[in-house]
Each structure stands twice: as C-alpha cells, then as structure tokens.
Amino acid sequence: MSQDGSVAAPCDAPLFTWLGPLGRFAELGTSGYPRPVRRRLTIINAMALLIAVFSVIYAGVFFYYDMHLYRHLIMLNLLLAVIVLLVPLAHRINDIAAALVITAAEYTALFVFVWAFGRNSGIQINYIIAAAVAFAIYGLTHVRLAVALATVGLALHLAAWFLFPPERAHFAAEPSLLDNLYVSSAVTTFCIIALIVGYAFTVADAARAEADALLTNILPEAIAERLKERPDARVADSVEQASVMFSDLVGFTELSKRLGAARTVALLDHIVTEFDRLAARHGVEKIKTIGDGYMAVTGVSVPRSDHLPCLARMALGLPDLVERLSAAHGVNLRVRVGIAIGPVMAGVIGTGTS
C-alpha cells in the first residue's frame with residue numbers, strides 16, 4: 001500500500017541560538033556547503049568561539065596572579081583567541097582547513113602551558129577532548145584523519161605527563177593557581193565531551209524522526225510500524241471487508257494546460273492537503289494520489305465494522321470542499337467520486353508500494 005506525498009527536509013535552524021547575537025558567529029562561512037558539512041562547520045565555529053572566550057579568561061587569570069611573570073602566557077592566550085576567531089575564514093579553502101587550524105593551535109598551546117606549569121596543573125587533560133571532538137569536526141568522510149589526530153592528542157597527553165613532572169615546571173606557580181587550572185581543565189573536558197555526545201544523539205534522533213515522518217507519509221501508520229519493527233518481513237494481508245474510494249477532478253487536465261506549472265501545482269497541493277485533512281477527520285487512510293486522482297480506503301490496515309459509513313462521510317464532503325477551493329483559486333472544478341466495498345488484498349512489494 002502507498003500513500004503518495006513527500007516530506008521536505010527542514011532547513012537546519014541555527015544550532016546555537018541560545019548564544020544570542022554571538023550565535024551568528026557559528027554560522028559564518030558555512031553557506032554553500034551541503035547540509036551535513038554545514039552542521040560540522042557550525043560545530044567548528046562554536047568551538048572556536050568557546051576557545052576564544054576561555055583563552056581570554058585564562059589571560060585574565062594570569063594577569064591577576066602576576067602580570068609581569070606570566071606576560072608571555074597572557075600574550076599566547078590572546079594570540080590563540082585571535083587565531084581561532086579567524087577560523088571561519090578558513091572555510092573558504094575547504095571543509096577541514098578550519099579544523100586543522102584549531103587542532104594545531106590548541107595542541108601547541110596546551111603543550112606550552114603544561115611545559116610552563118607541569119603536569120600537576122592538569123592542563124594535559126584537555127587532550128582527552130580530542131577523542132570525541134576529532135570525529136565531530138572532521139566527520140566520517142575524513143575518518144582516517146580524525147583517528148590520526150585523536151592518536152596525536154593521546155600521544156601529546158602522555159608526553160606531557162612524563163616530560164613535565166612538577167619539578168620540571170618552568171614556573172613555580174602558587175598552589176591556588178594550579179588548583180584553578182586543574183579544576184577548569186577537568187570541567188572543560190567533561191562539558192565538551194558531554195556536549196559532543198549529546199549533540200550526536202540529538203542529530204541521530206532528528207534524522208530518525210525525519211525518516212519516520214517520511215515513512216508514515218508514504219504508508220499508513222500501522223504498516224509503517226510493522227516495517228520498522230520487521231524491515232525484512234513481507235507485508236501481505238487479506239481483508240474480508242473494506243471500502244475503497246477513488247476520486248478525480250473533472251476537466252483538470254485541460255485546466256492545467258491553461259494555468260501553467262506553478263499555478264497547477266499550487267492548486268493541486270491545496271486540494272490534496274485539504275483532502276488529507278478531511279480523510280484524517282473521518283478516520284480514512286489515503287493510499288495514493290496520481291495527478292488529480294485521489295485513492296483512499298477504510299478497514300484495510302486497521303479492520304473496522306463501520307468502514308463504509310466512514311468513507312462515505314468523507315466522500316459526501318468532497319463536492320463542497322472542491323467548490324470552496326475552486327472559488328478560492330478562481331477556477332471551476334467538480335469532483336467525481338466512486339466507492340467500492342468487498343474483500344481486499346494489500347501488501348508492500350518491490351521497491352515501491354501497492
């Protein structure tokens with residue numbers, strides 16, 4: 001059985017509207033790319049913005065503790081902020097240039113910071129983020145690159161731990177500063193990994209919802225549920241008693257030649273949409289539309305004793321509905337309706353439906 005129609009995939013709404021005006025930054029440079037790539041580039045831009053914010057905060061922390069002693073680290077943080085804020089420009093090159101810039105800048109800066117304060121600062125924990133983030137910003141189309149860079153992140157994490165014990169730290173930092181750095185690194189790592197995993201589940205749920213909506217638009221809901229539960233099972237049903245209705249619009253073919261494509265599609269879309277609403281109101285299942293032909297049934301996917309009265313009520317409402325819609329579009333259409341009752345065989349066959 002089939003229920004012709006289509007569900008247009010909605011355009012991605014901005015993912016970071018909660019940032020207000022700053023959320024527009026996440027969309028910079030992403031236009032012109034395919035939808036999945038746009039999602040990935042939006043994540044990259046959002047990460048760049050977060051890195052810039054935290055870099056400025058760290059610069060402020062170092063300024064507070066000792067502006068003169070940590071002046072080079074302050075400058076490094078500010079430089080990092082500037083670099084990552086410019087990454088949307090790299091989208092003009094290709095879809096991974098910005099991600100490579102962020103990866104190189106972050107890996108280098110983190111290693112310098114661990115060198116400066118030693119492993120007790122916990123800054124090397126940030127390298128763990130690479131395990132999740134690499135796949136989010138490079139995507140499965142660049143999975144080898146993502147694996148390679150995640151491996152580099154692991155190597156740098158281990159290297160920072162063994163190369164920079166407390167006694168080899170460049171600065172003899174105050175314990176409170178080290179505590180501050182460790183806590184902030186741990187919180188940042190946990191939060192970013194949680195956000196990446198949460199985002200992945202959100203995208204997966206949205207894709208599944210779109211697929212379910214498309215399937216239920218093509219097939220009656222009961223059949224769609226059967227296919228989702230057992231996608232390899234053959235759907236073949238015999239129904240002892242059901243009602244089938246077919247309608248078409250008198251003179252529509254000639255009218256469509258005069259109206260042209262745009263007005264014809266607009267008119268037909270309006271009519272079919274209203275037919276669908278009337279069908280839903282009376283518990284009728286649409287099977288298919290073929291041009292101006294509309295086929296619907298009752299008592300097939302869900303057997304019911306009142307299948308004929310339900311379908312008849314819909315059929316009786318069609319003439320007035322078509323008259324109203326014709327007047328709204330400035331045309332003169334009439335509808336022909338036929339109903340048959342009796343045994344029905346129905347199933348899903350081939351790659352289409354029947």
More than 12 non-hydrogen atoms from neighbouring residues, nucleotides or ligands closer than 6.0 Å to [atom1] on [X], yes or no?
| X | atom1 | value |
| --- | --- | --- |
| Arg334 | CZ | no |
| Asn332 | CG | no |
| Tyr182 | OH | no |
| Glu240 | CD | no |
| Glu323 | CD | no |

Identify the two heavy atoms, one from [X] and one from [Y], that lie closest to each other, and give their separation to 0.1 Å.
| X | Y | value |
| --- | --- | --- |
| Arg304 | Gly283 | NH1-O, 3.2 Å |
| Asn77 | Ala59 | CB-CB, 3.9 Å |
| Leu311 | Thr298 | CB-OG1, 3.7 Å |

Distance-only donor-acceptor check, side chains Tyr58 and Asn180, under 3.5 Å =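 Per modelled atom types, Tyr58 and Asn180 side chains form no pair under 3.5 Å.
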Pairwise side-chain contact, [X] with [Y], heavy-atom cut-off 4.5 Å (strictly under):
| X | Y | result |
| --- | --- | --- |
| Cys310 | His307 | no |
| Thr141 | Val37 | no |
| Leu158 | Trp161 | no |
| Glu106 | Met47 | no |
| Ile271 | Val335 | no |
| Ile96 | Leu145 | yes |
| Arg281 | Leu278 | yes |

Enter the distance from [X]:[atom1] to [Y]:[atom2] here, rounded to the nearest 0.5 Å.
| X | Y | atom1 | atom2 | value |
| --- | --- | --- | --- | --- |
| Ser185 | Leu110 | OG | CG | 8.0 Å |
| Ile123 | Trp115 | CD1 | CH2 | 12.0 Å |
| Asp95 | Arg38 | CG | CZ | 13.0 Å |
| His91 | Leu41 | NE2 | CG | 4.5 Å |
| Ile74 | Leu69 | CD1 | CG | 9.0 Å |

Keeping the roles fixed (side chain from [X], backbone from [Y]), state whether a donor-acceptor pair exists under 3.5 Å.
| X | Y | result |
| --- | --- | --- |
| Tyr138 | Val143 | no |
| His157 | Gln124 | yes |
| Asn45 | Thr42 | no |

Could you point out which residue of Tyr65, Phe164, Tyr70 forms a ring-ring contact (aromatic ring centres under 6.0 Å, His included) with Phe117?
->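 Option passing the ring-ring contact (aromatic ring centres under 6.0 Å, His included) with Phe117: Tyr70.
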Are Leu100 and Leu86 linked, directly or through other ILVMFWY residues, by side chains that come within less than 4.5 angstrom of each other?
->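 No; tracing contacts between hydrophobic side chains, which count when under 4.5 Å, never links both residues.
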